[in-house]
Amino acid sequence: MLRTKITVLVVAAAALAIAVTAFASFRNVSDVVGDELERGLEDRTDTVVTLLAADRTPPERDDMIEQVLSPKGAVRPLAPGRTELPVSAGDRRVARTGEGSSRQDVVVSGTEYGILTRPLPDGGAVMVGQSYRDAVRLERDFMWRISLTTAAATGLSALLGWLAVGRILRPVRRLVRTTRRITGTQDLSTPLPPAGKDEIGQLTHSFDTMLSALRRSRSQQQELVHNASHELRTPLTSVRGSAELLQRARGRLDPEDEEKILATLVTEAVALDDLVRELVELATDRYTEDEPTSVDLPTLAEDSAHRHSRRTGRTITVTTTRPTPVHARPRALQRCVDNLLNNAVKFSPPDTPITLHVDGCQLSVRDRGPGIPPDERQAVFDRFYRGPGTQATPGSGLGLAIVHDLVEAEHGTVFAAEAAGGGAEVGFRLPPRTGGDDGSRTPA
């Protein structure tokens with residue numbers, strides 16, 4: 001259908017252009033023929049006047065009628081048997097006065113003639129009529145030929161347009177078939193047709209980029225569901241076992257044992273609540289409505305440190321070097337800093353210092369815990385990752401993964417390293433703010 005519509009538009013445009021060209025050509029040719037006829041009539045009249053003044057009779061021409069008009073209006077044909085030309089008042093005036101000329105177009109015996117009347121030196125006038133029969137036939141033949149040429153050119157344009165549009169739309173049809181197949185089968189692994197360098201190729205490349213994003217999203221969702229089901233199973237099993245034990249005992253347990261089981265239920269319920277909350281945060285970006293703006297990292301760090309110190313009773317020190325504003329979503333960055341401090345508090349022995357350091361566009365949290373082995377420093381940002389030495393430590397393994405996703409959404413990077421004096425240093429780097437708060441930034 002699209003091919004037909006485009007072809008019709010192309011043919012219509014071509015036909016209009018050809019018709020305009022043909023009409024202009026016909027008008028030009030008609031003007032040229034008219035000018036030639038007019039010059040021929042004038043030349044013939046001059047010749048007849050000259051020959052009559054020399055008492056000579058001009059030779060006959062099939063397309064001409066010539067006659068002499070006396071001052072009194074009498075008509076004398078120069079060739080016997082020829083049709084007499086009609087005489088007008090203008091012609092009689094020229095013959096009577098011997099001045100000026102008269103020009104008119106008349107129809108004689110069904111044929112149009114152009115008549116030119118000029119005075120003779122000895123009195124009277126000569127009337128020369130030129131037939132337009134040949135000129136009319138020439139215009140008619142030219143019109144027929146140009147009409148046939150226009151029709152042929154339009155047909156050829158239609159054929160070439162149909163073939164050209166078909167060739168142009170062929171990649172589009174392949175892309176449409178492929179996308180329909182993907183829509184029908186939901187198979188995102190279906191390859192798209194090869195992409196060229198034209199606009200269709202750019203469209204195909206855009207579709208391929210979108211499909212790649214969908215593949216990654218589906219893969220991440222499947223991985224998240226798989227890992228979440230595994231992580232949820234452990235606390236649920238503990239809660240279920242404790243609840244079944246309380247159900248079977250029905251008050252026969254010692255108060256001390258019952259207290260332990262209830263404490264386990266509360267602990268596991270809190271762990272489940274934290275896990276579900278972090279899963280929701282990881283699966284959905286809760287901060288998309290938060291508009292990016294200029295963020296002062298030292299102020300953000302001081303706020304987070306104050307809240308964590310008040311909640312945990314730990315001493316958290318904030319240090320700053322060359323503070324540089326960044327352009328990001330404030331709530332997302334606040335969540336990142338909170339998660340980094342939670343991680344440091346979790347793995348730091350009591351009464352050990354925790355330092356939150358801001359250096360330019362980089363923010364890091366240093367603790368005095370067991371540290372992170374070099375081969376695990378990248379893996380700690382994976383979802384549900386729990387290192388061999390942290391299996392017994394409460395947690396979901398999602399805190400640093402959330403930091404990674406939020407920082408990456410702000411075009412930043414995360415890192416984990418060994419802290420000076422022992423422990424771990426975990427943080428992120430963001431691109432600096434440039435050009436005000438208009439969203440512009442430099443690459444990370």
Side-chain angles (χ1 to χ4, degrees), residues 15 17-155:
I18 293 172
V20 171
T21 303
F23 178 76
S25 300
F26 175 76
R27 290 297 303 270
N28 290 335
V29 170
S30 180
D31 291 342
V32 170
V33 171
D35 292 341
E36 288 296 325
L37 287 174
E38 198 66 28
R39 280 195 296 269
L41 179 60
E42 291 177 356
D43 292 343
R44 178 64 177 178
T45 303
D46 291 340
T47 301
V48 172
V49 170
T50 302
L51 292 175
L52 290 177
D55 293 331
R56 296 177 56 187
T57 302
E60 294 186 26
R61 285 183 50 176
D62 293 338
D63 60 337
M64 296 286 185
I65 298 177
E66 295 137 357
Q67 62 189 24
V68 174
L69 181 64
S70 69
K72 293 183 179 181
V75 175
R76 176 173 64 85
L78 294 180
R82 303 299 294 271
T83 304
E84 184 177 315
L85 296 174
V87 179
S88 67
D91 299 329
R92 292 188 177 89
R93 178 184 55 78
V94 173
R96 185 177 63 255
T97 62
E99 297 177 352
S101 63
S102 175
R103 176 71 175 83
Q104 60 179 325
D105 290 330
V106 298
V107 176
V108 179
S109 301
T111 302
E112 187 176 4
Y113 281 82
I115 300 176
L116 179 60
T117 302
R118 284 185 178 172
L120 291 171
D122 297 333
V126 63
M127 298 177 61
V128 178
Q130 179 172 251
S131 172
Y132 289 159
R133 183 186 298 109
D134 292 340
V136 172
R137 184 175 63 254
L138 177 64
E139 288 186 351
R140 188 185 303 113
D141 291 345
F142 181 79
M143 177 59 71
W144 274 106
R145 291 183 182 183
I146 202 169
S147 299
L148 293 176
T149 302
T150 301
T154 303

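The analysis underlying the following values was restricted to heavy atoms, covering all of them including side chains, and did not include hydrogens, waters or symmetry mates. Numbers here simply count residues along the sequence, with the first being 1.
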R118 and E42: side-chain contact (heavy atoms from CB on, under 4.5 Å), yes or no, with the steps? CA-CA 10 Å; R118 284 185 178 172; E42 291 177 356; 4.1 Å; yes
Using side-chain contact (heavy atoms from CB on, under 4.5 Å), reason through V49 and L120 one step at a time and then give a plain yes or no. CA-CA 6 Å; V49 170; L120 291 171; 4.2 Å; yes
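Closest heavy-atom contact between V94 and S102: CG2-N, 4.0 Å. Heavy-atom minimum distance, A125 versus T117: CB-CG2, 3.9 Å. When all heavy atoms are compared, the tightest approach of A53 to P121 is CB-CG, 4.0 Å. The shortest heavy-atom contact between Y113 and Y132 is C-CE1, 4.1 Å. Of all heavy-atom pairs spanning D134 and R137, the tightest one is OD1-NH2, 2.8 Å.
The shortest side-chain heavy-atom distance between P58 and R44 falls under the 4.5 Å cut-off. Contact check for R103 versus L41: side-chain heavy atoms found under the 4.5 Å cut-off. For the pair V48 and L78, the minimum side-chain heavy-atom distance is below 4.5 Å. Side-chain contact check for R145 versus L148: every heavy-atom pair is 4.5 Å or farther apart. Taking 4.5 Å as the limit, every side-chain heavy atom of R133 sits out of range of all side-chain heavy atoms of D63. Side-chain contact between Q67 and V87: present, with at least one pair of heavy atoms (C-beta onward) separated by less than 4.5 Å.
The salt bridge (Lys or Arg N to Asp or Glu O under 4.0 Å) contacts involving residues 73-91 comprise E60-R82, where partners must be two or more places apart or lie in separate chains.
Around CG of D105, the count of heavy atoms belonging to other residues, nucleotides or ligands within 6.0 Å exceeds 12.
Separating the CD1 atom in I65 from the OG atom in S131 is a distance of 8.0 Å, to the nearest 0.5 Å.
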